[in-house]
Structures are given as structure tokens and as C-alpha cells.
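When a residue number appears, it is its place in the shown sequence, counting from 1. Please read all numbers here as calculations on a predicted model, not as lab measurements.
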Amino acid sequence: MARTEPCVCKNGTANGSLCKREYKESFEEAPLYIPVLTYLGYGILILFGYLRDFMRRWRLEQCHMAEEREEQKDFVPLYQDFENFYTRNIYMRIRDTFNRPICSVPGPQFDLMERVTDDYNWTYRHTGKVIKDVINMGSYNYLGFAENNDESLSTVMNVLKRYGAGVCSTRHEMGQMDKLQELENLVAEFLKVETAMVCSMGFATNSTSIPALVGKGCLNLSDELNHTSLILGARLSGATIRVFHHNNMENLEKLLRDAVVSGQPRTHRAWKKILIVVEGIYSMEGSIVRLPEIIAIKKKYKAYLYLDEAHSIGAVGPTGQGVVEYFGVNPADVDVLMGTFTKSFGAMGGYIAGKRDLVDYLRNHSHSAFYAAPMSASIAEQIIRVTKCIMGYDGTLSGKQRVKQLAENTRYFRQKLQALNLITYGNEDSPVVPVLMYMPSKVGAFARHMLKKKIGVVIVGFPATPIAEARVRFCISAAHTKDMLDKVCYFILIADTFFFVVL
């Protein structure tokens with residue numbers, strides 16, 4: 001269902017101004033025949049899968065490719081029966097469209113290693129050939145900093161020569177480096193907060209920081225579309241978890257009101273903490289969090305807010321400072337700011353930023369900060385280089401131009417898809433652009449067809465999405481040219497027309 005509505009908020013900016021921004025998101029529902037055909041397609045696959053399993057058991061089926069290898073049968077099953085069945089009979093049919101090995105920088109174009117299978121996607125062998133100059137529509141290279149320009153990477157190369165590739169210790173022992181301190185100071189300045197800490201893995205930043213913040217007797221209110229790392233962190237914490245409908249402020253406020261009034265189950269004592277956990281940009285739907293309204297609600301009920309800006313930092317906002325800048329809210333109104341360097345920054349790792357006492361506490365209680373080896377100095381230097389470029393500290397306007405170009409490319413590509421009458425999800429300013437394909441046979445055929453045209457795409461299906469909402473997810477980059485985007489749209493149109501008729 002398409003939604004276009006103004007998002008009006010009184011934010012806590014320094015000038016106390018009123019922020020007005022139209023909130024345009026689309027979640028269009030497909031015509032009834034599409035979900036009917038989708039479920040019918042799954043039904044046929046499942047029916048024939050069980051039929052062929054039955055025939056194999058009685059040695060009536062000659063093809064034995066959709067069963068476990070002989071050497072695996074002595075092991076305890078890793079999956080439940082249906083998961084095992086789904087993997088063998090459905091996932092294996094399209095496994096060749098996933099995990100494709102690349103052999104170049106994941107820029108706007110990359111090179112793919114050609115591979116073939118002789119046993120219906122159970123194993124692969126490389127042919128030795130390379131598919132050159134494939135348009136990259138799947139990497140999170142939002143600002144185009146995944147590059148191998150010698151001049152741009154000269155400082156990274158120098159740091160690598162000086163510090164080496166690894167650290168071989170935790171930061172609490174011998175792993176504290178001046179480069180990490182420099183990076184943390186720069187991140188805090190970029191986000192306009194008191195301080196920040198960096199971790200060597202984005203996923204672990206979430207999954208180990210949340211258990212340090214909440215525990216038994218606390219309440220975690222989680223958006224239903226939150227990333228797995230946030231879900232895992234909530235489960236590991238031991239806190240009570242309640243899920244609210246995606247970006248649904250009425251549902252969130254109802255849960256908060258009930259939590260404040262009723263307290264904990266059985267004892268009805270007040271909750272020790274109530275933590276609202278949301279993302280800036282949701283990576284499967286391309287939607288943007290309704291941040292001003294969530295801040296207003298969390299203030300009203302005296303809750304805490306944890307904001308994951310993995311996909312939004314660098315990608316939205318006039319100067320790339322994420323959804324906080326996009327909506328013009330005060331960074332101090334977000335209790336825990338989290339983000340990753342694996343997307344817009346072309347590096348690895350994550351950060352937690354906010355008030356000094358919060359960050360100092362997490363340095364000693366978050367397992368990713370206390371026990372894990374820190375990122376190498378060369379990775380830290382890459383992030384420093386990119387952050388300075390975005391902030392204009394390198395003496396150029398390159399960073400601001402990249403942010404502006406990404407916004408232009410995003411709107412251009414979304415408008416082209418809408419003109420093709422395709423069903424897309426998400427916010428008009430989100431560089432994550434899901435296009436619904438629905439049918440299981442269609443997503444695999446679409447990915448293969450696009451690769452033949454030298455376009456690399458990411459397809460996503462169950463269980464990462466609802467079973468009837470398989471999709472192709474495009475990720476826009478500032479490095480994409482309009483010619484590249486036009487070519488992609490042209491072949492999307494050709495493929496969609498062909499598969500609609502055939503499938």
C-alpha cells in the first residue's frame with residue numbers, strides 16, 4: 001500500500017526549528033492473482049519434492065541429486081525435516097544465483113569468476129574464465145569508496161607498511177593504537193556526539209552491545225523488520241522482547257503504554273529499562289525509520305532509543321550524517337547511535353556513539369569491545385580517509401558531491417522503475433530498492449538472465465522475506481552512471497515482459 005504523508009516534528013535542534021519533511025514510502029499490494037500463483041508455484045514444488053523423495057526411498061527415482069551425500073548420512077542432521085526438505089528441493093534449484101565469487105574491486109562494475117555445476121548445484125567447479133565488467137547492482141557501495149585508486153589509497157598503503165595487517169591482541173591488552181583513537185574522535189565529531197567507540201565487526205557490534213545494555217527485568221521493543229544482529233542481541237540479553245509493527249507508531253505507543261501501566265509479567269514491578277530498537281534504513285524493504293515520531297514517543301514514556309544506522313550513515317542526509325541529519329533531529333535525542341563501516345565507507349567494522357558515560361561503560365562490558373581483536377590500522381585509516389572526504393577535511397568537495405550524486409541516482413532509478421509499472425518497496429530517498437518478483441521460479445531465472453547481460457543482481461526469498469514476497473534488491477551507488485542505470489532498467493523491462501508471459 002502506497003503511503004505519502006508529511007512527517008512533522010518538533011525536534012531538539014540547536015535553533016529549535018520545526019522540521020517538516022514529506023514521508024513518501026510505497027508498499028504496494030500485488031493483484032490477487034499474483035500471490036495465488038506464487039503459493040501455487042510453491043505448492044507444486046513441495047508436492048513434487050515429496051513425491052520424488054518417496055520414489056527415491058523405493059528406488060523408483062533415477063535422479064538422486066536432491067538428497068544428502070552418502071558421506072553426510074552418518075552425521076546428526078543439522079536441520080529440521082522441513083528445513084532439510086526446503087534446502088534440497090527448492091533452494092538447490094536456484095543456489096547458482098547466490099554466493100557468486102568476484103575477483104576484482106566491488107565498484108560500479110566488477111569481474112566474476114565463471115563456475116559451472118555437474119550435480120545440480122551441490123558443488124561447483126571454476127572454468128578459469130572471468131566475466132568482465134559486470135554492472136554491480138548488489139554491493140552496499142553507496143558512496144563509491146570501494147575503489148583501488150593508487151592516489152586515494154596512498155595513506156592506507158603507508159599505514160599498512162607501518163603497522164602491518166593485524167593487531168594480535170585485544171584493546172585492553174596490547175591492541176590499543178593511536179589510529180583507533182584518531183578514528184573514534186573523528187567519528188564522534190562527524191556524528192556531533194560526545195564520544196564513540198569502534199569495533200572490528202558490524203554484526204557483533206549489535207549482538208554484543210545490546211546484551212550489555214539490557215538484561216533480565218528490562219523490556220526490548222523491536223521493529224518487526226529489524227536485522228538479525230539486533231534480534232540476536234535482544235535474545236542474548238535475556239530481556240523480554242515485544243515486537244511492534246513496522247514503522248507503526250500507534251502500535252509502538254500502545255506497547256509502551258501497556259508496559260508502563262502493567263509492568264513486568266506476574267510481579268507487575270516497573271521495568272528496569274525500556275529500550276526501543278530500530279534501524280535507519282531497513283535493508284530488505286528500503287524503508288526509512290520514522291525517527292522524529294519515535295523520539296517524541298520515547299520521551300513521552302521515558303524509554304531509551306537504540307538506532308542502527310548501518311545502511312543510512314553516509315547514504316542519506318545533506319552531508320551524509322544519516323537519518324538523524326535527514327530529519328534534522330538532535331543527535332542527543334538518540335541514546336545509542338550505532339552504525340557500520342562496511343557500506344558507505346568501503347571498509348569493515350562498526351561503531352557505537354553517544355554520551356561519554358554510555359560509551360565508556362560499553363568499552364568494559366560489550367564483548368566485541370573487551371574480548372575481540374580490534375580492526376587493523378590500515379582499515380582504520382581507510383575509514384578516516386573516507387570520513388574526512390565526506391566532511392570536506394581533505395580540501396575537496398568530492399565527499400559532498402558523492403552524497404549528492406547518490407541521492408540523484410536513487411531518485412532517478414526509482415522513477416524509472418515506477419515508469420515501468422514495477423512494484424517497488426521503500427522510501428523514495430532510500431538507495432536500497434527492492435523490486436517484487438514473488439514467484440520462486442522467477443527470481444532465479446531473472447538473476448541468470450541479468451548475468452547473461454552482464455548485470456549482477458541480488459535476489460532474496462524465503463526465509464529472509466515472507467514466502468510470497470521474493471524480490472530482487474538493487475543497491476544504488478554514487479559511482480553508477482546514468483547509462484548504467486538505463487541499461488539495467490532496459491533489461492529489467494525485457495526480463496519482466498518475458499517472464500510474465502512464460503512463467
Any ion pair linking [Y] and [X] (charged N to carboxylate O, less than 4.0 Å)?
X    : Y    : value
R402 : E147 : yes
R290 : E279 : no
R115 : D96  : no

Between [X] and [Y], which heavy-atom pair has the shortest distance, and what is it?
X    : Y    : result
I313 : Y351 : CG1-OH, 3.6 Å
S312 : V323 : CB-CG1, 3.8 Å
M197 : L362 : CE-CB, 3.8 Å
G286 : R414 : O-NH2, 4.0 Å
A353 : A196 : CB-CB, 3.8 Å

Using the rule ring-ring contact (aromatic ring centres under 6.0 Å, His included), only one of F462, Y86, F98, Y120 pairs with Y91; which is it?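 The option that passes is F98.
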[Y] and [X], any side-chain heavy atoms less than 4.5 Å apart:
X    : Y    : result
E25  : I288 : yes
T155 : I384 : no
P431 : I281 : yes
I46  : I90  : yes
E309 : V324 : yes
Y438 : I423 : yes
L275 : L305 : no
Y124 : V116 : no

Distance (rounded to the nearest 0.5 Å) between [X] [atom1] and [Y] [atom2]:
X    : Y    : atom1 : atom2 : result
I34  : E29  : CD1   : CD    : 12.0 Å
L153 : Q382 : CG    : CD    : 6.0 Å
M92  : R88  : CE    : CZ    : 10.0 Å
I390 : S344 : CD1   : OG    : 6.5 Å

Looking only at atom types and distance, does a side-chain atom of [X] sit under 3.5 Å from a main-chain N or O of [Y], one as donor and one as acceptor?
X    : Y    : result
E28  : T424 : no
T117 : T123 : yes
S154 : E151 : yes
S200 : A373 : yes

What verdict does the side chain to side chain contact (heavy atoms under 4.5 Å, CB included) test give for V435 and I492, after you've listed the backbone C-alpha separation in whole Å, the side-chain angles of each residue and the deciding distance to 0.1 Å? CA-CA 10 Å; V435 177; I492 290 174; 5.6 Å; no
Can you tell me which residue among M437, E469, R471 is in a side-chain contact (heavy atoms from CB on, under 4.5 Å) with V460?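 Considering M437, E469, R471, a side-chain contact (heavy atoms from CB on, under 4.5 Å) with V460 is found only for R471.
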Apply side chain to side chain contact (heavy atoms under 4.5 Å, CB included) to residues M375 and V198 and explain how you reach the verdict. CA-CA 8 Å; M375 65 176 66; V198 296; 4.1 Å; yes
Given the rule in the side chain to side chain contact (heavy atoms under 4.5 Å, CB included) test, do L337 and I352 qualify, once you have shown the distances and angles that lead to the verdict? CA-CA 6 Å; L337 283 164; I352 294 285; over 6 Å; no
Using the test side-chain hydrogen bond (donor to acceptor under 3.5 Å, both in side chains), find all partners of [X] that sit at least two apart in sequence or belong to another chain.
X    : value
N206 : S229, Y306, D308
T205 : none
T38  : none
R100 : none

Is [X] atom [atom1] crowded by more than 12 heavy atoms from other residues, nucleotides or ligands, each under 6.0 Å away?
X    : atom1 : result
Y39  : OH    : no
M157 : CE    : no
K388 : NZ    : no
R235 : CZ    : no
K487 : NZ    : yes

Check residues 137-145 and write down every donor-acceptor pair under 3.5 Å in which the side-chain atom is one partner and the other belongs to a residue at least two apart or another chain.
residue : atom : partner : partner atom : Å
S139    : OG   : N136    : OD1          : 3.3
S139    : OG   : N136    : ND2          : 2.9
Y140    : OH   : R473    : NH2          : 2.7
N141    : OD1  : G144    : N            : 3.3
N141    : OD1  : F145    : N            : 3.1
N141    : OD1  : A146    : N            : 3.0
Y142    : OH   : H311    : ND1          : 2.7

Evaluate the criterion side chain to side chain contact (heavy atoms under 4.5 Å, CB included) for residue pair N89 and D53; output intermediate values, then yes/no. CA-CA 9 Å; N89 291 282; D53 278 357; 3.9 Å; yes
Within the 6.0 Å centroid threshold, strictly below: F85 and Y50: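 Aromatic pair counts; centres sit under 6.0 Å.
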Centres of the F413 and F474 rings: under 6.0 Å?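 Yes, the ring centres sit under 6.0 Å apart.
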Using a distance-only test with no angle check, is there a side-chain donor-acceptor pair under 3.5 angstrom linking Q321 and T319?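 Result is yes, a qualifying pair exists.
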Under 3.5 Å side-chain donor-acceptor pair for H246 and D223: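 Yes, a side-chain donor-acceptor pair sits under 3.5 Å.
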May I have the step-by-step check of salt bridge (Lys or Arg N to Asp or Glu O under 4.0 Å) for K24 and D429, ending in yes or no? CA-CA 8 Å; K24 296 181 179 179; D429 292 323; over 6 Å; no
Can you list every salt bridge (Lys or Arg N to Asp or Glu O under 4.0 Å) pair that touches residues 132-141, not counting sequence neighbours?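 Of all non-adjacent pairs touching residues 132-141, those that pass salt bridge (Lys or Arg N to Asp or Glu O under 4.0 Å) are D111-K132.
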State whether Y412 and K482 meet the cation-pi test: NZ (Lys) or CZ (Arg) under 6.0 Å from the six-membered ring centroid, and within 45° of the perpendicular axis.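 Yes, a cation-pi geometry holds between K482 and Y412.
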Between F345 and F341, how do the two ring planes meet: parallel, tilted or perpendicular, split at 30° and 60°?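 Aromatic pair F345/F341 classed perpendicular.
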